[in-house]
Trainee: 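Input: one structure, supplied below.
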Amino acid sequence: MTQRNYKATGINLKAMPMNESDRLVTVLTKEWGLIRAIAPGSRKHKSRLGGRSGLFVVNELLLIKGKSIDKIVQAETQQTFPKLSTDLARLTASQYLAEIALSQALSDQPQEELYYLLLEHLKRIEAASRPNILPCLTQATFHLLALAGVAPEVFRCALSRAPLEIELGNPDWKVGFSITSGGVVKPAEIEKIERDRLQEAQQQYAEYRQEQLASQPVQISHHRAAEAAISYSGSLDNESRPGAQISSPERRQTAGLKAKVSKEIARNLGIVDYLNGFELALMQQLSKPELIMMSASPAFPQTGTIGTSQQPLTESGPHQMWRRIERVLRAYTQYQLDRPIRSADLIDMCFTAPTPAL
């Protein structure tokens, strides 16, 4: 932006008081990306810029370029979202998306795709029934990640790259969600990594025990030390074999080592949760332009497209599934952005199912 005066069309994503009567506004514009500008006098009661500098107001702006911060000279409102400010759940969901957009947007570069994508999802959140606000927020988050090129893998195992075949009829079917691997992973792949790490840990422990026994008094020979270490290592390997006889101390030590290895692998992979077949099917729907609602069980064959006249889902099953999916995607988004989403706590408060009265 080399000219002193310039025009831009943008949506207000952040505003804060400045001086006695001004407001500092952060605007996502189509033409210039993120702009931080002063709305002079906007905090005065009769200011023309007062309402136009509010959150989620779309304006056609005339600005003057300043040395460090630009100044809004004129603003003509093009679009507003009045329902977002009158309902806490909608406002919180909108602020959640604004945080993500602010983290992704660039300055002094056109951000037309991000601008229109954010507007579309704000429209959906404003029009959604209350049970559908959380699904709308979750899909919007997925679409913003996709636009940035970092959407999680939900159709293939992120480790083996093998396609996932969902078994909706199998209540034991599940997949892990790994934020460091970039999406869902098959339990078999996690178990394979655990086995390899367990064998490595067993070998390390056997070597440690051998050194420990070898350093004891002379009456314990090096032969017996090696034999004891090999015996212990073998007991870990043979634990699952039929008819294996393992003493209680060895069994406790084996279980402790396995548990430690499992926690280590889960931490390294960033496994935040495990999703069942229905939850993964819903997560796969997030990549589509329209979100198809699915019930938690064949006993609830209700479906519908968000934004249409179909009845919203209100059963506890779908609500709980969407809460789990949102939390998983939130953890992944925060990992990708390398910062927390501050609106997340309010999201938890707004969409926690009320406890039934006794």
Trainee: Is it true that a side-chain atom of N276 and a backbone atom of P171 form a donor plus acceptor pair closer than 3.5 Å?
Mentor: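 Not at all, since once roles are kept as given, no pair shorter than 3.5 Å links the two residues.
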
Trainee: Does any non-hydrogen side-chain atom of W322 lie less than 4.5 Å from one of N132?
Mentor: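 Contact flag for N132/W322 side chains = no.
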
Trainee: Count I, L, V, M, F, W, Y as connected when their side-chain heavy atoms are under 4.5 Å apart, and connections chain through other members. Are I11 and Y116 then in the same cluster?
Mentor: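 Yes.
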
Trainee: Do the non-hydrogen side-chain atoms of Y96 and T333 ever get within less than 4.5 Å of each other?
Mentor: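 No, too far: nothing below the 4.5 Å cut-off.
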
Trainee: Any carboxylate oxygen within less than 4.0 angstrom of a Lys/Arg side-chain nitrogen, looking at R124 and E290?
Mentor: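 Salt bridge flag = yes for E290 with R124.
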
Trainee: Is there a side-chain contact between Y6 and I35 in this structure, where contact means two heavy atoms from C-beta onward sitting under 4.5 Å apart?
Mentor: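 Of all side-chain heavy-atom pairs linking I35 with Y6, at least one is under 4.5 Å.
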
Trainee: Would you confirm whether S178, through its side chain, and L269, through its main-chain N or O, come within 3.5 Å as a donor-acceptor pair?
Mentor: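 At least one qualifying donor-acceptor pair exists.
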
Trainee: For Q78 and T9, which I'm curious about, is there any donor-acceptor pair between the side chains at under 3.5 Å?
Mentor: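 Their side chains do not contain a donor-acceptor pair, so the 3.5 Å distance test is not met.
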
Trainee: Is there a donor in the side chain of Q203 and an acceptor in the side chain of E207, or the other way round, less than 3.5 Å apart?
Mentor: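 On atom types as modelled, these side chains qualify, holding a pair under 3.5 Å.
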
Trainee: Is the shortest heavy-atom distance from the side chain of D348 to the side chain of R323 under 4.5 Å?
Mentor: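 A side-chain contact exists here, since the closest heavy-atom pair is under 4.5 Å.
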
Trainee: Could you tell me whether a side-chain N or O of H143 sits under 3.5 Å from a main-chain N or O of K288, the two making a donor and an acceptor?
Mentor: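 Looks like yes, one N/O pair under 3.5 Å.
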
Trainee: I'd like to know whether CG of D338 has more than 12 heavy-atom contacts from other residues, nucleotides or ligands below 6.0 angstrom.
Mentor: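 Open: at most 12 neighbouring heavy atoms sit under 6.0 Å from CG of D338.
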
Trainee: Without swapping roles, check the side chain of D22 against the backbone of G41 for a donor-acceptor pair under 3.5 Å.
Mentor: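 Checked: pair present.
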
Trainee: Taking the side chain as everything from C-beta on, heavy atoms only, tell me whether L49 gets closer than 4.5 Å to R23.
Mentor: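 No, their side chains stay 4.5 Å or more apart.
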
Trainee: Between N5 and V73, is any pair of side-chain heavy atoms under 4.5 Å apart?
Mentor: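 Answer no - side chains too far apart.
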
Trainee: Check whether more than 12 heavy atoms from other residues, nucleotides or ligands sit under 6.0 Å from atom NZ of K30, and answer yes or no.
Mentor: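 Check passes, neighbour count above 12.
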
Trainee: Indicate if L13 and I38 have the same hydrophobic cluster label, given that clusters are the connected sets of ILVMFWY residues with side-chain heavy-atom separations under 4.5 angstrom.
Mentor: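 Different clusters.
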
Trainee: If we ignore hydrogens and angles and just use 3.5 Å, is the side chain of T92 paired with the main-chain N or O of A89 as donor and acceptor?
Mentor: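 No; zero donor-acceptor contacts below 3.5 Å.
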
Trainee: Flag the pair I133 / F351 as yes when at least one side-chain heavy-atom distance between them is below 4.5 Å, and no otherwise.
Mentor: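 In contact.
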
Trainee: Looking at R324 and D273, is there a salt bridge between them, counting it only when a charged N and a carboxylate O are closer than 4.0 Å?
Mentor: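 Looking at D273 and R324, the cut-off is met.
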
Trainee: Grouping I, L, V, M, F, W and Y whenever their side-chain heavy atoms are under 4.5 Å apart, do L102 and L144 come out in a common cluster?
Mentor: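 L102 clusters together with L144.
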
Trainee: Output yes when a side-chain donor or acceptor of D87 lies under 3.5 Å from a complementary backbone atom of R90, and no otherwise.
Mentor: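 Here the side-chain-to-backbone pair exists.
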
Trainee: Between E279 and K174, is any pair of side-chain heavy atoms under 4.5 Å apart?
Mentor: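 With C-beta onward as the side chain, the pair stays apart.
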
Trainee: Just distance, no hydrogens or angles: give the donor-acceptor pairs under 3.5 Å from side chains in residues 152-162, sequence neighbours left out.
Mentor:
from, atom 1, to, atom 2, distance (Å)
E153, OE1, R161, NH2, 3.3
E153, OE2, F155, N, 2.9
E153, OE2, R156, N, 3.1
R156, NH1, R161, O, 3.0
S160, OG, A162, N, 3.3

